[in-house]
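Chain letters run A, B, ... following the sequence lines, proteins first, then strands; residues in each count from 1. Both backbone and side-chain heavy atoms feed into the values below; hydrogens, waters and symmetry mates do not.
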2 protein chains.
Amino acid sequence: MELEDRKLRILQAIIQDFISTAEPVGSRTLAKKYNLGISSATIRNEMSDLEELGYLHQPHTSAGRIPSDKAYRLYVDRLMAEPLQQNQKLVQKHKKIIQEEFLQRVGELEEAISYTARLLSKMTKLISVTLSPQFKQSKLKYLQLIPIDSNSILLVIVSESGVAKNTILRTTETHSLESLQMVSNLLNHKLKGLCIADITKERIRGIKDEIKTFSSLIEMVSPALLSILEDMLSVNLYLEGITNIFNLPEYHDIEKAKEFIGFLDQREQITDLLVHSKDGVDVTIGKENSFENMQDCSLVTATYQLNGCVVGKIGIIGPTRMDYANIVSIADYVTKILTDLLRKYNDK
Amino acid sequence: MELEDRKLRILQAIIQDFISTAEPVGSRTLAKKYNLGISSATIRNEMSDLEELGYLHQPHTSAGRIPSDKAYRLYVDRLMAEPLQQNQKLVQKHKKIIQEEFLQRVGELEEAISYTARLLSKMTKLISVTLSPQFKQSKLKYLQLIPIDSNSILLVIVSESGVAKNTILRTTETHSLESLQMVSNLLNHKLKGLCIADITKERIRGIKDEIKTFSSLIEMVSPALLSILEDMLSVNLYLEGITNIFNLPEYHDIEKAKEFIGFLDQREQITDLLVHSKDGVDVTIGKENSFENMQDCSLVTATYQLNGCVVGKIGIIGPTRMDYANIVSIADYVTKILTDLLRKYNDK
DNA sequence: TGTTAGCACTCTCGGCCATTGAGTGCTAAT
DNA sequence: ATTAGCACTCAATGGCCGAGAGTGCTAACA
């Protein structure tokens, strides 16, 4: 059954009102606050219909109505565009803020991702999550062993995605510059251009067995090398703004807040949520979430890319009555900026 | 006026009881729970005296008594040792946990400090803070420019404190291995052994002006070099366990919790608190704190060292009724382990 | 003289009840 | 089809009361 236009307008007003007040909205308030051109009694009848259709529900008989997940879904899919158009000015302002914040923060890529989480939580006043890029396909570009003093060696590794990592190895015996250079060359020759994920313990052992002369040196370097590579592949999760929930009336109950925070502390579940979301901007509303602890919440995710491939995600978590129009537009714009940033890191 | 022994014993019992229950303690409870060998009526008289002396106060006439800051101060200075002796077993257990946790986490130094914060908040169930070491005196040990491809150069810097950092420079023109090597040698020659703090923009400009041949290359490297050095000197603050306060009855009032969290979010103030604390283990109780928002709280700080110099601090923040004996012993032991760890990083 | 039992008094806390007010659904009039 | 009017519902608020925990004081006791 298709909802007639008036019902849609009423539903939209209810949703918008509830998003900003968090209070069940009644027919009188609605008639007064929004110029719908109909009386509260008519609104009451329509609301009754909307409730029957599953878009609204009442916490108790003598209270106003609250939008259901189904209503939010409709809002996100069809009704949201309109207020977004009206708020074009606000959207522009947000875009400007985001742009300026990113300009000021050039630094490292990882830092940018961690900062993005903070920026998101600041702008949305909600909980934000960012995943640092995973360069699954990234290849090893360069590797070097450098003697630092009689018992420390610096190991540097650079990937094609432009990430450089280093570590200092402590040794008991002294190694000559020449032997370190030879091993560097050797490893470079054998490993350069390989996908980082394909450089395994076994492969290095293979090299070691092949080249008897330096086998002990290679053996010593191996664990540090593997650990750096693993570090390069690993994805970091940045979670910010947890304390924002205390400004939300839905978490005025301290027990509820505690439980939710406990849930958020389990990083794996959050990662799961992000990984399972669709590409582009995706909105998951209330019970659409698989985790029980998230079923009062909505999650807006968005993806950023490199060379057309999704390499990372961001997410915003808030109550189901979050300001979808606003959040979606922020998420969309932030990922666009991140995609840009990534391209710049790689192009230059 | 010197407190007689019986008063001290009663005060000690009150403090210990209040630390574990967070409820005002009454004379009857005290007489029943602790074998003081005197009746509740006698205890009442003594409590009355203790109140007059400023060690106790009542939230209202018909409630039990609560220790004052003055009482906690006395407890920390004189009374705390005894329960600590009795709980030797628990202390040993904690030491074992700490030791094992640290053994499993070798990794980077910075990671160890960040992990320490998590460990502390986990063990104390309170808020913990750690400052990463500041090697003010640390000297530059090694510097190297390595060509990666036609338009990227890897810059690696190692400090004598054993920290290595790198960054990738993007260039428009291609530089030969030889010229990069020469500039590396040159910079090494000029800068090696200098305190990192003394390597300024001006000094590098001086070098640039001196060596005309490579002045453009040096100019290009300069900002990245300075930014890495700055990064090496900067101190990171790790704050963990904020959400632990929701398990404390004193923060069951959501407004109070919100306010306190807001205070903790201002990192500079926390840094201030740590910086102003004394060396070794230091306890600051309630109103002894300069920040108003901390005056319901106590802060236990401890310092870790390198070569006998204090290079970093840790802190634990909790309500004034925190378990001082336990917290102090944990703080003390953790900093001992950190000092050990630092020595190992440097010695090896 | 120090200790203790007994008792009257104080004050918070939790439950109970009536009142208030926002909001609904229904009916009848427009 | 819309709306004004009205009876009804129910959460929230505030006042009231009794229970319980704790105190201070007094008088008796060792």
Visitor: With A/T116, which residues qualify under side-chain hydrogen bond (donor to acceptor under 3.5 Å, both in side chains), at least two apart?
Guide: none
Visitor: Specify the separation, in whole Å, of atom CG of B/L30 and atom P of D/dT23.
Guide: 9 Å
Visitor: Could you tell me how far apart B/H57 (NE2) and C/dC11 (P) are, to the nearest whole angstrom?
Guide: 16 Å
Visitor: Who passes side chain to side chain contact (heavy atoms under 4.5 Å, CB included) against A/E23, sequence neighbours left out?
Guide: A/T21
Visitor: With sequence neighbours excluded, tell me which residues meet side-chain hydrogen bond (donor to acceptor under 3.5 Å, both in side chains) with B/Y251.
Guide: none
Visitor: With sequence neighbours excluded, what pairs up with B/S40 under the side-chain hydrogen bond (donor to acceptor under 3.5 Å, both in side chains) test?
Guide: none
Visitor: Could you tell me whether B/Q92 atom CD has more than 12 heavy atoms of other residues or ligands within 6.0 Å of it?
Guide: yes
Visitor: Using a 3.5 Å cut-off and no angle test, enumerate the donor-acceptor pairs between side-chain atoms of residues 254-268 of chain A and protein atoms at least two apart in sequence or in another chain.
Guide:
residue, atom, partner, partner atom, Å
A/K258, NZ, B/N247, OD1, 3.1
A/R267, NH1, A/L237, O, 3.3

Visitor: So does A/T29 get a side-chain nitrogen or oxygen closer than 4.0 Å to the phosphate oxygens (OP1/OP2) of C/dA22?
Guide: no
Visitor: Tell me which residues in residues 9-26 of chain B lie within less than 4.0 Å of DNA chain D, going by non-hydrogen atoms.
Guide: B/G26
Visitor: For B/K122, enumerate each residue passing the side chain to side chain contact (heavy atoms under 4.5 Å, CB included) test, keeping only those at least two apart in sequence or located in another chain.
Guide: B/E101
Visitor: At under 4.0 Å, does any side-chain N or O of A/R65 touch on OP1 or OP2 of C/dA22?
Guide: no
Visitor: Calculate the interatomic distance between B/Q58 atom CD and D/dA21 atom P; express it in whole Å.
Guide: 17 Å
Visitor: Sequence neighbours left out, what passes side-chain hydrogen bond (donor to acceptor under 3.5 Å, both in side chains) with B/T320? Give chain and number order.
Guide: none
Visitor: Name the stems with DNA chain D in them: runs of three or more consecutive Watson-Crick or G-U pairs, distances under 3.5 Å?
Guide: C:1-30 with D:1-30
Visitor: Measure the distance from NE2 on A/H60 to P on C/dG23 and round it to the nearest whole Å.
Guide: 10 Å
Visitor: Which letters describe nucleotides 3-10 of chain C, given B = protein heavy atom under 4.0 Å from base, S = only from sugar-phosphate, - = neither?
Guide: SBBB---B
Visitor: With A/S68, which residues qualify under side chain to side chain contact (heavy atoms under 4.5 Å, CB included), at least two apart?
Guide: A/H57, A/K70, A/A71
Visitor: With a sphere of 6.0 Å drawn around CZ of B/R28, does it hold more than 12 non-hydrogen atoms of other residues, nucleotides or ligands?
Guide: no
Visitor: Between side-chain atoms of residues 291-299 of chain B and protein atoms elsewhere (two or more places apart, or another chain), which donor-acceptor pairs fall under 3.5 Å?
Guide:
residue, atom, partner, partner atom, Å
B/Q295, NE2, B/N289, O, 3.0
B/S298, OG, B/Y324, OH, 2.6

